Amino acid sequence: MPFRCDLYDDPFTPTFRLNEVADYLRKKLPKAEITAHGELVREKLDGLSERETVLQRLAIGFAKARVHDPYQPVTEREPLYGEIAYERRRLAQRGEAKGVVYDGFMVQDLLASLFDRSEMNRRSLPIVFTNQLLATFDESDHRYHLRTVILGYPAIVSTTGLVEAPAKPREFYIAREQFRAMGLDAISPVLAAELKDRCLLPNDKRLTEVAKGYALQAVFYALFGEAFCDDKDCRLYNAHWQEEMLHAQLNGAYDLCPRHEGMLQNLSNLKENS
Ligand SMILES: [Zn+2]
């Protein structure tokens with residue numbers, strides 16, 4: 001049975017092009033079955049007779065997964081009516097996810113419930129692209145951190161997380177504080193242009209190219225139980241800074257380091273012989 005990978009679109013981020021990610025994965029994994037789908041919730045709920053019930057369950061689930069305090073793990077609580085209503089609007093009308101941060105593992109559980117149990121196996125991986133901000137609680141420093149990717153089933157790549165999670169150059173934060181003090185939300189276009197080579201900015205044309213590497217991390221984790229690489233030139237490099245992320249994804253000496261490229265090579269040779 002070949003490895004299959006189902007990709008679900010984030011249609012709310014104009015600079016994200018799912019088909020290019022799908023083509024890239026097809027090139028890296030010629031034996032795999034790669035399918036590009038529309039947005040996950042729309043795709044799973046369209047035509048479903050219990051659509052209303054599932055929509056309500058998802059809205060409650062997302063409302064419960066909201067991170068209200070970055071220093072406290074999310075605990076079981078009754079969400080407010082307004083929070084559920086917000087999530088319903090977001091899910092039904094595909095509104096923007098405006099600055100709300102969600103617990104990544106709770107969202108993953110919620111999305112997993114949309115898949116058939118029989119689909120869950122080592123030979124199949126759904127990757128869901130979303131504009132939602134996802135964070136996971138780190139026990140070592142007792143706080144939430146924004147994430148680019150949540151590995152597992154389904155894997156989730158946050159397109160907003162690619163812009164927000166890896167740290168930007170210090171100059172960006174200093175400038176942002178200065179502009180906020182003046183009541184402005186965004187930094188000046190001049191400064192944005194200066195920082196362009198060092199971080200992704202909202203509506204960045206390079207987003208799709210960067211997202212390819214994160215999809216590949218999810219695939220490596222599913223296939224080999226190993227998602228990250230120590231080599232700064234490899235697409236699997238676990239970047240903590242925007243500059244490192246851009247280098248590994250756009251300007252690395254190679255696409256994948258020889259070891260990881262070899263792992264994919266072995267995989268396709270194995271399949272040819274079997
Ligand atoms: Zn590598």
Side-chain angles (χ1 to χ4, degrees), residues 2-7 16-34 36 104-105 108 122-129 134 136 138 140 145-159 161-169 197-200 204-274:
F3 179 70
R4 63 172 287 160
C5 186
D6 291 277
L7 307 173
F16 178 67
R17 294 173 304 274
L18 185 74
N19 280 326
E20 291 181 24
V21 178
D23 285 343
Y24 173 75
L25 291 183
R26 285 185 191 111
K27 211 175 77 203
K28 300 307 281 184
L29 300 145
K31 298 277 159 60
E33 221 174 90
I34 315 280
F105 293 124
Q108 186 174 49
R122 283 185 54 87
R123 310 301 307 159
S124 138
L125 173 73
I127 306 180
V128 181
F129 292 88
L134 305 174
T136 56
D138 190 336
S140 66
H145 293 272
L146 288 176
R147 294 289 172 212
T148 47
V149 57
I150 306 285
L151 301 167
Y153 194 107
I156 312 173
V157 176
S158 168
T159 52
L162 294 175
V163 179
E164 300 295 340
K168 296 183 175 70
D197 293 338
R198 301 168 65 194
C199 58
L200 277 185
D204 201 302
K205 295 261 184 294
R206 300 165 294 179
L207 179 74
T208 300
E209 194 56 43
V210 170
K212 291 176 188 175
Y214 287 79
L216 206 52
Q217 290 175 4
V219 167
F220 262 81
Y221 187 72
L223 284 172
F224 308 110
E226 159 181 330
F228 303 121
C229 183
D230 292 334
D231 186 331
K232 289 192 172 213
D233 288 289
C234 178
R235 287 246 196 187
L236 305 184
Y237 184 69
N238 188 12
H240 291 96
W241 290 87
Q242 286 276 329
E243 281 180 279
E244 296 173 334
M245 178 182 79
L246 291 183
H247 177 77
Q249 301 304 331
L250 306 173
N251 303 314
Y254 26 67
D255 199 55
L256 286 173
C257 70
R259 190 172 79 86
H260 282 117
E261 198 66 65
M263 283 164 82
L264 287 186
Q265 213 62 51
N266 286 340
L267 193 76
S268 34
N269 294 343
L270 217 84
K271 292 228 181 86
E272 265 158 33
N273 299 335
S274 67

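Just the heavy atoms: all of them, side chains too, but no hydrogens, waters or symmetry mates, feed the values below. Atoms within a ligand are numbered from 1 in the order they appear, just like the ligands themselves. Keep in mind that what you see is a predicted model, and the values were worked out from it rather than measured.
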| query | So, do L264 and F224 sit near enough that their side-chain heavy atoms are less than 4.5 Å apart? | reply | yes
| Close side-chain approach of V21 and Y214, heavy atoms under 4.5 Å | no
| said: Are Q249 and R206 packed together at the side-chain level, in the sense that at least one heavy-atom pair is separated by less than 4.5 angstrom? | reply: no
| task | Could you count the protein N, O or S atoms found under 2.8 Å away from the Zn ion (ligand 1)? | result | 4
| request: Check salt bridge (charged side-chain N to carboxylate O under 4.0 Å, His left out) between K27 and all other residues, then give those that pass, not counting sequence neighbours. | output: none
| Do K28 and D255 pass the salt bridge (charged side-chain N to carboxylate O under 4.0 Å, His left out) test, and can you show the C-alpha distance, the side-chain angles, and the key distance before you say yes or no? | CA-CA 10 Å; K28 300 307 281 184; D255 199 55; 2.8 Å; yes
| task | Grab the two heavy atoms, one from V157 and one from A215, that are nearest each other, plus how far apart they are. | result | CG2-N, 4.4 Å
